[in-house]
Amino acid sequence: MTARFGRTELPERQEQALRKAVRFEWYTLVFLAVTITMVYLVMGSSQAMKAAWIEDLLSLTPPIAFLIAVRIVNRRPNEKYPYGYHRAVGVAHLVAGVALFAMGVFLIIDSGSGLISAEHPPIGSIVLFGQPIWLGWLMMIAMALTIPLPIYFGKVKMRLARDLHDKVLYADADMNKADWMTAAGSIVGVAGIGLGLWWADAAAALFIAASIVSDGVKNMRAAITDLIDTRATTFDDGKPHPVAGQVDTYLRNLPWVDRAGSRMRDQGHVFHVESFVVPRKGKTPSLDQLMEARNACIDLDWRVQDIVIVPIDELPEEVGGSDDSRQSERSR
């Protein structure tokens, strides 16, 4: 695998982060395969264990989506796909979000019906080495074993997602958090049954299902807004990405520029930027000046894969044209 996102060469730090992210996603798949098998063998009729098992199955989606997307975005732009294949990351993000939401809703209905009908889930015993053992102990031990690695994976992936500006990797890190919280909730539910609290199992399953729905809604919202070209944000959708402001600041400081404003779309890992500049009176930029400004903007950040600089007589409203016009009128 070449360490590229389309035509964008990665800096050394991002190249190392990408390779590490791929390794950790494979580690995650191996861990989940073991976890899914182990939980299936001990889950019995517990609603909480069933929810945890399904949640583990869903946890396969983000790492698989990431590994597929990384392969696809390496394809070069062509006549049919002139912007390249970076949107594959957004599609993968949306698929993961829809899967989480749909299964979370199903689990809420399934667990809620059990709670309303006051079902008392039986947890039997098995014989190991000639001794009868309550199956609940094995359930709690199995879930306890699944807690440490998701905590570690989540911390590592969160850092890598920030370095790579990868929202699928961020969703996976968030899913790892849900994994260990799910395991803890399952332990509480099974322990509740052992203490005679029949409703604890269904309540724990509802807690897990609500967490899954929340993750699904959050990831669907983020993926959809990116696909319809909302303003580019940071990897965690916490705030507008600062690169657009850096591009505007650079352009406004050029001696031939009066006003400048940019709109920036998130293509998955990289940004496409459209910058509008109003030249100073009598200082129409030459082709060399425009090319120099374009190359300098690309060099500001590795995520700026491409930028178009458009000389114009007035800034469009969506990039601050109205405010700039009012300021110009007040200054005159």
Side-chain angles (χ1 to χ4, degrees), residues 23-64 99-100 103-104 106-108 110-115 118-158 172-215:
R23 288 199 309 271
F24 267 81
E25 293 296 42
W26 281 112
Y27 297 157
T28 299
L29 291 177
V30 173
F31 168 75
L32 287 173
V34 174
T35 298
I36 289 168
T37 303
M38 180 173 61
V39 174
Y40 178 78
L41 292 174
V42 300
M43 70 178 180
S45 59
S46 167
Q47 287 285 341
M49 292 296 291
K50 177 184 175 182
W53 180 69
I54 293 176
E55 200 268 347
D56 286 335
L57 285 173
L58 289 173
S59 296
L60 292 168
T61 306
I64 292 174
L100 287 171
M103 190 53 65
F106 167 77
L107 289 174
I108 286 179
D110 188 49
S111 304
S113 62
L115 189 62
E119 293 180 4
H120 291 57
I123 297 182
S125 300
I126 61 172
V127 177
L128 286 179
F129 307 110
Q131 297 293 326
I133 298 177
W134 182 52
L135 190 58
W137 292 117
L138 296 182
M139 293 179 181
M140 290 189 286
I141 291 172
M143 297 312 297
L145 291 174
T146 65
I147 291 178
L149 275 180
I151 295 176
Y152 172 65
F153 286 161
K155 289 182 178 179
V156 173
K157 291 175 188 176
M158 191 68 72
D172 193 21
D174 205 34
M175 194 72 178
N176 288 143
K177 178 182 177 181
D179 287 341
W180 72 260
M181 291 178 65
T182 295
S186 300
I187 293 173
V188 172
V190 173
I193 295 175
L195 294 173
L197 305 175
W198 64 267
W199 49 265
D201 184 60
L206 280 173
F207 168 77
I208 294 168
S211 174
I212 294 173
V213 169
S214 176
D215 287 338

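This chain uses plain numbering: 1 for the first residue, then up along the sequence.
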Do the rings of F153 and F24 sit parallel, tilted or perpendicular, given the 30° and 60° boundaries? perpendicular
Restricting to pairs with a member in residues 137-156, which pass salt bridge (charged side-chain N to carboxylate O under 4.0 Å, His left out), not counting sequence neighbours? none
At what distance, to the nearest 0.5 angstrom, does OH of Y40 lie from CD1 of I54? 12.0 Å
Flag the pair M175 / T61 as yes when at least one side-chain heavy-atom distance between them is below 4.5 Å, and no otherwise. no
Shortest non-hydrogen pair, L29 vs P63, comes out as CD2-CG, 3.7 Å
Would you indicate whether the side-chain heavy atoms of F31 and T146 approach each other to under 4.5 Å? yes
For the pair T28 and K157, evaluate side-chain contact (heavy atoms from CB on, under 4.5 Å) and give the outcome as yes or no after the intermediate values. CA-CA 11 Å; T28 299; K157 291 175 188 176; 2.6 Å; yes
Scanning both residues in full, the closest heavy-atom pair of M38 with A142 reads CE-O, 3.5 Å
Where is the tightest heavy-atom contact between G154 and A173, given as atom of each residue plus distance? O-CB, 3.7 Å
Partner set under side chain to side chain contact (heavy atoms under 4.5 Å, CB included) for I108, not counting sequence neighbours: L206, A209, V213
With no hydrogens and no angle check, do the side chains of D56 and T35 hold a donor and an acceptor under 3.5 Å apart? no
Restricting to non-hydrogen atoms, name the atom on D179 and the atom on P150 that form the minimum distance, rounded to 0.1 Å. CB-CB, 4.0 Å
Please name the pair of heavy atoms, one in E25 and one in D172, separated by the smallest distance, quoted to 0.1 Å. OE1-OD2, 2.5 Å
Donor-acceptor pair, W53 side chain versus I36 backbone, under 3.5 Å? yes
Would you name the heavy atoms of M49 and M43 that are closest together and state the gap between them? CB-CB, 3.6 Å
